[in-house]
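Numbering of ligands and ligand atoms starts at 1, following listing order.
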Amino acid sequence: VHRAVYWHPQQLPQTTPLRRNISSDVAVVGGGMAGLTCAQVLVERGLSVTLVEQAFCGAGASGRSSGFITPDSELELWHLVANYGEQQGKALWEFAMSGLERIRRTISELGIDCDYQIQDSLLLARTPNGFEKGVRVEHETRRALGYRASLYDRVSLGKIIGARAVHGGVRYDGTFGINSYAYCRALRNELERRGVQIFEGTRATRFAAGGVETPGGTVTAPAIAVLTDRALPDLGLAPAAVYQAQTFLAVSKPLHDRDIRAIFPDDRLMVWDTDLLYHYFRITGEGRLLLGGSQLSSMYSGHEIRSPQRAATSLGRYLARHFPSVTVEIDYIWPGFIGVSKDLAPIVGRHAAFPTVLFAGAAAGLPWAAALGEYLAQKITDRRCELDQTLSAERRFPIGKRVQAVFGKRVSFALSHAATKYLSR
Ligand SMILES: Cc1cc2nc3c(=O)[nH]c(=O)nc-3n(C[C@H](O)[C@H](O)[C@H](O)COP(=O)(O)OP(=O)(O)OC[C@H]3O[C@@H](n4cnc5c(N)ncnc54)[C@H](O)[C@@H]3O)c2cc1C
């Protein structure tokens, strides 16, 4: 088994660090989906942009992800409505949808080769309770707010997925899967072609009035957009409100057609379940099974678990339980950190001492990250602000600052996520 990211090439990209002082209209920090999209929107508006990335573009969560492009990510629509009310919940959903549409449009306009797979999404219940309180509620919420969705009970579900021990699902269209590393690299290259100055291997270390410092030089800019997801606290941004959750992803050797048909008798789907520590899977263009999941023991761990043996065993158990007749040989497995807030919706803010520094993170999803990038760009160009309060780091979370001060981030985020996903029912 390769302990490497399946999407990464054997030779990781060469980087060109910043070695002088430089100035531009905007400095963007972070070269993932969010930072690249921010730069993309700014360049479309005719601004000059410098982007600094500590490793290489796509090195973070964006290039390690499973590439499900759906507005759900960590939260379903019903969670948003339960936690934020109908109007604001729908506004957040539309926000994520705008990110999804931007990714789709960019792939088509730039002709990006990133294993674009149009696949419907299926939220699966692994228990009767998951069906009643996750799947059915999600279906009702979608229909009530005017979105398409189909409900499958235990029996009808068999027509679209050959899984055992499942209790129903809700399916909807308009979603797709991608190789998100290939997407980031292609967008990075296109931005460079359009004049964005990109410095990889360049870590932003601190802010100064009118600029951002890196070990090799300062980027002076009247506006700074920081989109470093889980790493915002490293720069003193939203330190109490942003943390990380670890997940594992495995990619199998190409499956036989008969095994793919045993999993998906009809169309190929992108699937995840209603569990708090949920699993997710889809079939790539090469016919490989991509399967991911988290475990409580490693999910809130502050450091990367380098030996994924336990995760591999747990993913194997999941397959044996639900698809006992399918032969799956894992080829690649890797861990990754997802930046999260305590209610799993993103964080947007402005530096208290340097008001030209805007930041966004804890995206918990590629479409959300793309939407955040666009949002910060439009804050700079058009003073966009309609979600500032809703996504503020100072908003009310299920677990507040005082409890967090006693129990620490790990416990507080775990409890807060459980409350966000389950108590709102
Ligand atoms: C294993 C895994 C599977 C996932 N699967 C999915 C999925 O299927 N669908 C989905 O929607 N989402 C998925 N996600 C979540 C999704 O990948 C992230 O929410 C999203 O990519 C975040 O994008 P970003 O640009 O905000 O962050 P990142 O991609 O992490 O980009 C931030 C960048 O900032 C850089 N950086 C950090 N600090 C500094 C600094 N001081 N100076 C300069 N640069 C800095 C980092 O190196 C990094 O490249 C997954 C995540 C993981 C880890």
Side-chain angles (χ1 to χ4, degrees), residues 5-7 15 17-18 27-39 51-75 96 99-100 103 121 175-181 183-184 187-188 198-207 212-215 219 225-237 242 244-251 270-272 278 280-282 290-294 304 308 311 333-341 344 346-347 359-373 376:
V5 180
Y6 168 62
W7 316 117
T15 59
L18 180 65
V28 174
V29 181
M33 177 63 82
L36 292 166
T37 306
C38 184
L51 184 148
V52 294
E53 158 57 49
Q54 68 179 2
F56 52 90
C57 293
S62 300
R64 303 174 76 84
S65 92
S66 40
F68 287 51
I69 307 298
T70 85
D72 308 71
S73 303
E74 293 297 316
L75 297 170
L100 175 148
I103 295 170
S121 290
T175 56
F176 54 95
I178 60 169
N179 168 345
S180 52
Y181 177 74
Y183 178 94
C184 286
L187 182 53
R188 176 228 173 270
I198 298 178
F199 297 97
E200 293 167 294
T202 302
R203 181 177 166 78
T205 49
R206 62 186 205 114
F207 305 108
V212 54
E213 293 180 5
T214 78
V219 186
V226 185
L227 294 136
T228 54
D229 201 46
R230 70 185 177 103
L232 286 176
D234 295 353
L235 287 164
L237 302 168
V242 176
Q244 59 199 14
Q246 186 160 207
T247 178
F248 284 91
L249 196 50
V251 168
M270 304 200 295
V271 185
W272 66 98
Y278 60 95
Y280 45 99
F281 56 93
R282 68 180 179 91
L290 184 157
L291 170 67
S294 308
E304 189 175 289
I333 187 162
W334 67 93
F337 284 114
I338 301 180
V340 286
S341 75
L344 297 162
I347 300 284
F359 62 87
L366 292 156
W368 290 87
L372 287 174
L376 280 208

Chemist: Taking the side chain as every heavy atom from C-beta outward, state whether Tyr6 and Leu249 have any atom pair closer than 4.5 Å.
Modeler: no
Chemist: Run down the list Gly63, Ser62, Cys57, Ser65 and name the one with the heavy atom closest to atom 13 (C) of ligand 1.
Modeler: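 Among Gly63, Ser62, Cys57, Ser65, the closest heavy atom to atom 13 (C) of ligand 1 belongs to Ser65.
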Chemist: Looking at ligand 1, does any of its N/O atoms fall within less than 3.5 Å of an N/O of Met33?
Modeler: yes
Chemist: Is the closest N or O pair between Leu366 and ligand 1 shorter than 3.5 Å?
Modeler: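 For ligand 1, there is an N or O atom that lies under 3.5 Å from one belonging to Leu366.
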Chemist: Do you know which two heavy atoms are closest between Leu366 and Ser180, and how far apart they sit?
Modeler: CD1-CB, 4.0 Å
Chemist: Is any side-chain heavy atom of Trp334 closer than 4.5 Å to a side-chain heavy atom of Trp7?
Modeler: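 They are in side-chain contact.
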Chemist: For residues Cys57 and Leu51, determine if any side-chain heavy atom of one lies less than 4.5 Å from a side-chain heavy atom of the other.
Modeler: yes
Chemist: Would you call Glu53-Arg188 a salt bridge at under 4.0 Å N-O?
Modeler: no
Chemist: Does Thr175 reach the side chain of Arg282, with side-chain heavy atoms less than 4.5 Å apart?
Modeler: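 Not touching, per the 4.5 Å side-chain cut-off.
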Chemist: So, does Thr202 sit close enough to ligand 1 that a heavy atom of it is under 4.0 Å from the ligand?
Modeler: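 Thr202: in contact with ligand 1 (<4.0 Å).
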Chemist: Can an N or O of Ala34 be found at a distance shorter than 3.5 Å from an N or O of ligand 1?
Modeler: yes
Chemist: List the closest protein heavy-atom neighbour of atom 5 (N) of ligand 1: residue, atom name, distance to the nearest 0.1 Å.
Modeler: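 Of every protein heavy atom, Ser66 OG, 2.8 Å lies nearest to atom 5 (N) of ligand 1.
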Chemist: Among all protein heavy atoms, pick out the one at the shortest distance from atom 34 (O) of ligand 1; state its residue, atom name and that distance to 0.1 Å.
Modeler: Gly30 CA, 3.4 Å
Chemist: Is a side-chain donor or acceptor of Thr205 paired with a backbone partner of Glu213 at a separation under 3.5 angstrom?
Modeler: yes
Chemist: Among all protein heavy atoms in this structure, tell me which lies nearest to atom 31 (O) of ligand 1, with the distance rounded to 0.1 Å.
Modeler: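 The closest heavy atom on the protein side is Gly32 CA, 3.5 Å.
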Chemist: Give the numbers and elements of all ligand 1 atoms closer than 4.0 Å to a heavy atom of Gly336.
Modeler: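 With Gly336 as reference, the close atoms of ligand 1 come out as 53 (C).
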Chemist: Can you find a heavy atom in the side chain of Leu237 that is under 4.5 Å from one in the side chain of Phe207?
Modeler: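 The answer is yes; the side chains approach within 4.5 Å.
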Chemist: Using a strict 4.0 Å cut-off to heavy atoms of Ala364, name the atoms of ligand 1 that fall inside it.
Modeler: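 Going through ligand 1 atom by atom, the ones under 4.0 Å from Ala364 are 19 (O).
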Chemist: For Pro367, counting its heavy atoms only, list the atoms of ligand 1 lying under 4.0 Å from any of them.
Modeler: 11 (O)
Chemist: Measuring only between side-chain heavy atoms, which start at C-beta, is Val5 closer than 4.5 Å to Tyr181?
Modeler: no
Chemist: Students should be able to answer this: which protein heavy-atom is nearest to atom 9 (N) of ligand 1, and at what distance?
Modeler: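 Ranking protein heavy atoms by distance from atom 9 (N) of ligand 1, first comes Phe68 O, 2.8 Å.
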Chemist: Just to be sure I read this right, does ligand 1 sit under 4.0 Å from the backbone of Pro335, its side chain, both, or neither, counting only heavy atoms?
Modeler: neither
Chemist: Any nitrogen or oxygen of Ala231, side chain or backbone, less than 3.5 Å from one on ligand 1?
Modeler: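 In fact, backbone or side chain, Ala231 has no N or O that close.
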Chemist: Does Leu249, backbone or side chain, put an N or O under 3.5 Å from an N or O of ligand 1?
Modeler: no
Chemist: Give the contacting part of Phe337 toward ligand 1: side chain, backbone, both or neither, where contact means a heavy-atom distance below 4.0 Å.
Modeler: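 Backbone only.
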Chemist: Looking only at atom types and distance, does a side-chain atom of Ser62 sit under 3.5 Å from a main-chain N or O of Gly32, one as donor and one as acceptor?
Modeler: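 No, because the side chain of Ser62 does not come within donor-acceptor range (under 3.5 Å) of the backbone of Gly32.
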Chemist: Whether the side chain of Asp229 engages the backbone of Ala362 through a donor-acceptor N/O pair (distance < 3.5 Å, no angle test) should be reported.
Modeler: yes
Chemist: So which atom in Cys38 and which in Ala225 form the shortest heavy-atom distance, rounded to 0.1 Å?
Modeler: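 The answer is SG-CB, 3.9 Å.
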Chemist: Which atoms of ligand 1 are found less than 4.0 Å from any heavy atom of Ser73?
Modeler: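 Heavy-atom distances to Ser73 below 4.0 Å select 11 (O).
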Chemist: Please verify whether a non-hydrogen atom of Val29 lies at under 4.0 Å from ligand 1.
Modeler: yes
Chemist: Could you tell me whether Gly365 and ligand 1 have an N or O pair separated by under 3.5 Å?
Modeler: yes
Chemist: Which of these, Asp229, Thr247, Val340, has its nearest heavy atom closest to atom 27 (O) of ligand 1?
Modeler: Asp229
Chemist: Would you say that Pro367 contacts Thr70 through its side chain, given a criterion of any heavy-atom pair below 4.5 Å between the two side chains?
Modeler: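 No, too far: nothing below the 4.5 Å cut-off.
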Chemist: Examine Glu53 against ligand 1 and note whether any of their N/O atoms are separated by less than 3.5 Å.
Modeler: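 Between Glu53 and ligand 1 (N or O atoms, distance only) the closest approach is under 3.5 Å.
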Chemist: Can you tell me which residue and heavy atom of the protein come closest to atom 44 (N) of ligand 1, and the distance to 0.1 Å?
Modeler: Gln54 N, 3.0 Å
Chemist: Judging by distance only, is a nitrogen or oxygen of Thr228 under 3.5 angstrom from one on ligand 1?
Modeler: no
Chemist: To check you understand the geometry: which heavy-atom pair defines the closest contact between Ala204 and Leu235, and what is its length?
Modeler: O-CD2, 3.4 Å
Chemist: Around atom 52 (C) of ligand 1, find the nearest protein heavy atom and jot down its residue, atom name and distance.
Modeler: Ile338 CG1, 3.7 Å
Chemist: Counting only heavy atoms closer than 4.0 Å, does ligand 1 sit against the backbone of Ala204, its side chain, both, or neither?
Modeler: both
Chemist: Is the closest N or O pair between Ala61 and ligand 1 shorter than 3.5 Å?
Modeler: yes
Chemist: Does Phe68 reach the side chain of Leu290, with side-chain heavy atoms less than 4.5 Å apart?
Modeler: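 In short, these two side chains touch, coming nearer than 4.5 Å.
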Chemist: Looking at ligand 1, is there an atom of it that comes within less than 4.0 Å of some heavy atom belonging to Gly292?
Modeler: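 Gly292 does not count as a contact of ligand 1 under the 4.0 Å cut-off.
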Chemist: How long is the gap from CD1 on Ile69 to CD1 on Ile103, to the nearest 0.5 Å?
Modeler: 4.0 Å
Chemist: Heavy-atom distances under 4.0 Å are what count here, so tell me which part of Leu227 touches ligand 1: side chain, backbone, both or neither.
Modeler: backbone
Chemist: List the atom of Ala364, the atom of Ile338, and the distance in Å for their closest heavy-atom pair.
Modeler: CA-CG2, 3.8 Å
Chemist: Is the closest heavy atom of Gly361 to ligand 1 under 4.0 Å?
Modeler: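 So Gly361 does not count as touching ligand 1.
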Chemist: Could you see which bit of Arg64 sits under 4.0 Å from ligand 1, with heavy atoms only: side chain, backbone, both or neither?
Modeler: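 Only the backbone of Arg64 comes within reach of ligand 1.
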